[in-house]
Number of protein chains: 2
Amino acid sequence: MRLRQLECFRALMLHGTMTRAAELLGMSQPGISTMIAGLEHETGLTLFLRRGGRLQPTPEAKLFYVEAARALEAVENASRVAAEIRSGRRGHLAIAAYPSISIKLLPRLLSQFAKGRPELQVKIITRNSATVRELVSTQQFDLAVAELPLDYPTSHMEVFSYDCMCMLPHAHPLAKLKQITPDDLDGVPFVTLFRGDPIYQQLASAFSEYGARWNVVAETEFFSTACQLVAEGRGVGIVDPVVSKPFTEGLAMRPFKPSIQSQIAILSPTHEAPSQMALDFVKLLRRALRA
Amino acid sequence: MRLRQLECFRALMLHGTMTRAAELLGMSQPGISTMIAGLEHETGLTLFLRRGGRLQPTPEAKLFYVEAARALEAVENASRVAAEIRSGRRGHLAIAAYPSISIKLLPRLLSQFAKGRPELQVKIITRNSATVRELVSTQQFDLAVAELPLDYPTSHMEVFSYDCMCMLPHAHPLAKLKQITPDDLDGVPFVTLFRGDPIYQQLASAFSEYGARWNVVAETEFFSTACQLVAEGRGVGIVDPVVSKPFTEGLAMRPFKPSIQSQIAILSPTHEAPSQMALDFVKLLRRALRA
DNA sequence: TGTCCATTATAGCAGATTCGTATAGTCGTC
DNA sequence: GACGACTATACGAATCTGCTATAATGGACA
């Protein structure tokens, strides 16, 4: 059973005569004739009665038409889907990300990305960076974003490093300074991430190196929480300048010495080829993370 | 997009290598290779990554596979349905019939006909013979059975004539006779069809011709009702010997003089070709009506 | 009845497609 | 470095497709 036969059959059923069906399909009448003859021969069905040089569809033809039309639609649908995939209108994007980025930056980028991609399906899973790393190794995701250091490095990894900045209310006395050091923060109420976080470790080292007293008044799990505490006047804190930017509006940001490094990475599954969709989104994400 | 391309694609997705897919499809490996290359070229999708002489399906291939498989199934289904139609396993049979035949005989024949035809859809509509005639002219039915005379004759019509027989309880005194005439029934309680029915007209003539008194004690719409009244001892009656046979078990049947003719006809739509299914069923019905 | 018109069917041919064989290229493994 | 497993390309034969030309059929109408 060939597709062209079904197309000819459908056109003939819809338009009554071979001559007209041929016009519609842009082919000759004898072409239709042989196609229909072939279809009748191969199916063993008498689809049309030849009455007075005209065709009359048999009841069998009407029964078969339902299935033929369905089959043609399915094929045409496959063809359309192929075009949608090619043009990036259809696809899915499963992303695993650590909390700070999945709260604001990622949704913002994704909704921007989804414009003009009506059939795009997006899945975002938020886990801590260690879990994100495990999820990537199970190949369940097209893409992942995690903080470094990872327990062990993955092959496909694109790293972004940031010098963290000190955030404090505009009204804070230290906001007058162009740059802030541990000395400036000696005994100043400080909001930080939990003890396990690399940022915490680096801060602890920095304060002890400078011989300043690090007065931690709050430990949070997410940057966003820390930022909110600072905004409420609970103390000052330190964040990366890109991923956390959406949370620091209305706060003063000052460079911090010594350099406190925040590193995040875009991870790709190792054994799986990335989809074009994923590659396209990575471009957008990369641009955002470089900014 | 050609079917063979989709078949090759499916086999390749299912079996991993072109070599194996070729075996499964009974073709050569280069054949698969060119088919896939053609499909990739025509869809504009990169469906497989060539890594070290091996193929690795891309995420796009996985997306497309869903639709490709669906399309192939639809086509294969159409092919299967064609075979079912050809073999008579699939089809429908819409029959309009007058009450007496649609109550017993028709269902009995249809259930016999439906054996070995799993996908057969049957529709029976019961109307009086005049309405049946109208329904046939609207071409909504594959077949109809009505009593004669019709108000006007249809072109495709096969007539069956019966000499009606007298029915009476076995215990009835007249059951001893081999044959019954209006004289025998002079004043005998009689159950008959309604006044409008051809049978009624013929009986009235017969009794008046013989100068016998026709003692009608009940008029019914259906033969089945009349038969039941006779079985209950309400009187004697007259029915055709074939269509009404299912209702007359337990009753004595005797030939009646003069001949009271019951005529019924199998009607086919005029402008519509009959389905093979309908033709097959007519054969069965004809055999039953001739018996 | 004969002519015209609209339709379908068949024949023959050119081009496209399909699919085989032969062969080369690639990569991992031992 | 040879082998094995795999894919890609070249080329030719068979098949399929779809065209033009033409025949055949039957209805409409003068």
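Please read all numbers here as calculations on a predicted model, not as lab measurements. By convention in this document, chain letters (A, B, ...) are assigned in the order of the sequence lines, proteins followed by strands, and residues within each chain are numbered from 1.
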Atom-to-atom span, [atom1] of [X] to [atom2] of [N] - whole angstrom:
| X | N | atom1 | atom2 | result |
| --- | --- | --- | --- | --- |
| B/Gln29 | C/dA22 | CD | C1' | 12 Å |
| A/Gln56 | C/dT7 | CD | P | 16 Å |
| B/Leu55 | C/dC27 | CG | P | 13 Å |
| A/Leu12 | C/dA9 | CG | C1' | 14 Å |
| A/Ile32 | C/dT10 | CD1 | C1' | 16 Å |
| B/Leu25 | C/dT18 | CG | P | 14 Å |
| A/Leu3 | C/dA16 | CG | C1' | 17 Å |
| B/Met1 | C/dT18 | CE | P | 13 Å |

ask   = For residues A/Glu23 and A/Gln29, is any side-chain donor paired with an opposing acceptor at under 3.5 Å?
value =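 No, no side-chain donor-acceptor contact under 3.5 Å.
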
message = For a quick check of understanding: with a heavy-atom distance under 4.0 Å over all strands, which category does B/Gly26 fall into, base, sugar-phosphate or nothing?
response =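 Sugar-phosphate only.
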
inquiry  = Using a 4.0 Å heavy-atom cut-off, does A/Ser28 contact any base of the nucleic acid, only the sugar-phosphate backbone, or nothing at all?
reply    =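 A/Ser28: base contact, heavy atoms under 4.0 Å.
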
query = Near B/Gln121 CD, under 6.0 Å, is it more than 12 heavy atoms from other residues, nucleotides or ligands?
reply =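 Atom CD in B/Gln121 is not crowded, with 12 or fewer foreign heavy atoms closer than 6.0 Å.
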
Phosphate oxygens OP1/OP2 of [N]: is one of them under 4.0 Å from a side-chain N or O of [X]?
| X | N | result |
| --- | --- | --- |
| B/Arg4 | C/dC19 | yes |
| B/Arg2 | C/dT18 | yes |
| A/Thr19 | C/dT8 | yes |

DNA chain C: 5'-proximal contact among B/Gln5 and B/Arg54 (nearest heavy atom) =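 Mapping each residue to its closest nucleotide by heavy atoms, the 5'-most match is B/Gln5.
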
query = Under 3.5 Å, is there a donor-acceptor pair between the side chain of A/Ser79 and the main chain of A/Val75?
reply =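 Looks like no, no N/O pair under 3.5 Å.
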
ask   = Reading DNA chain D 5' to 3', which nucleotide is the first, and which the last, to come under 4.0 Å of any heavy atom in chain A?
value =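 Using the under 4.0 Å cut-off, the span is D/dT17 to D/dG26.
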
ask   = How are the rings of A/Phe64 and A/Phe9 set to each other: parallel, tilted or perpendicular (split at 30° and 60°)?
value =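 The rings of A/Phe64 and A/Phe9 sit tilted, inter-plane angle from 30° to 60°.
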
task = Compare the minimum distances between each of C/dC19, C/dA22, C/dA9 and the side chain of B/Pro30, then state the nucleotide with the smallest one.
result =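 Taking heavy atoms from C-beta onward, the closest nucleotide is C/dA22.
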
request  = Go through B/Arg70 and B/Glu73 one step at a time and tell me if the salt bridge (Lys or Arg N to Asp or Glu O under 4.0 Å) criterion holds.
outcome  = CA-CA 5 Å; B/Arg70 200 167 291 166; B/Glu73 271 166 38; over 6 Å; no

key: B/Ser33 or A/Thr34, whichever maps to the more 5' nucleotide of DNA chain D   =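 The residue closer to the strand's 5' end, by nearest nucleotide, is B/Ser33.
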
ask   = So how far is it from B/Cys8 SG to B/Ile32 CD1, rounded to the nearest 0.5 Å?
value =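 Here the interatomic distance stands at 4.0 Å.
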
Without placing hydrogens or testing angles, list every side-chain donor-acceptor pair under 3.5 Å for residues 281-291 of chain A, not counting sequence neighbours.
| residue | atom | partner | partner atom | Å |
| --- | --- | --- | --- | --- |
| A/Arg286 | NE | A/Glu158 | OE1 | 3.3 |
| A/Arg286 | NE | A/Glu158 | OE2 | 2.5 |
| A/Arg286 | NH2 | A/Glu158 | OE1 | 3.1 |

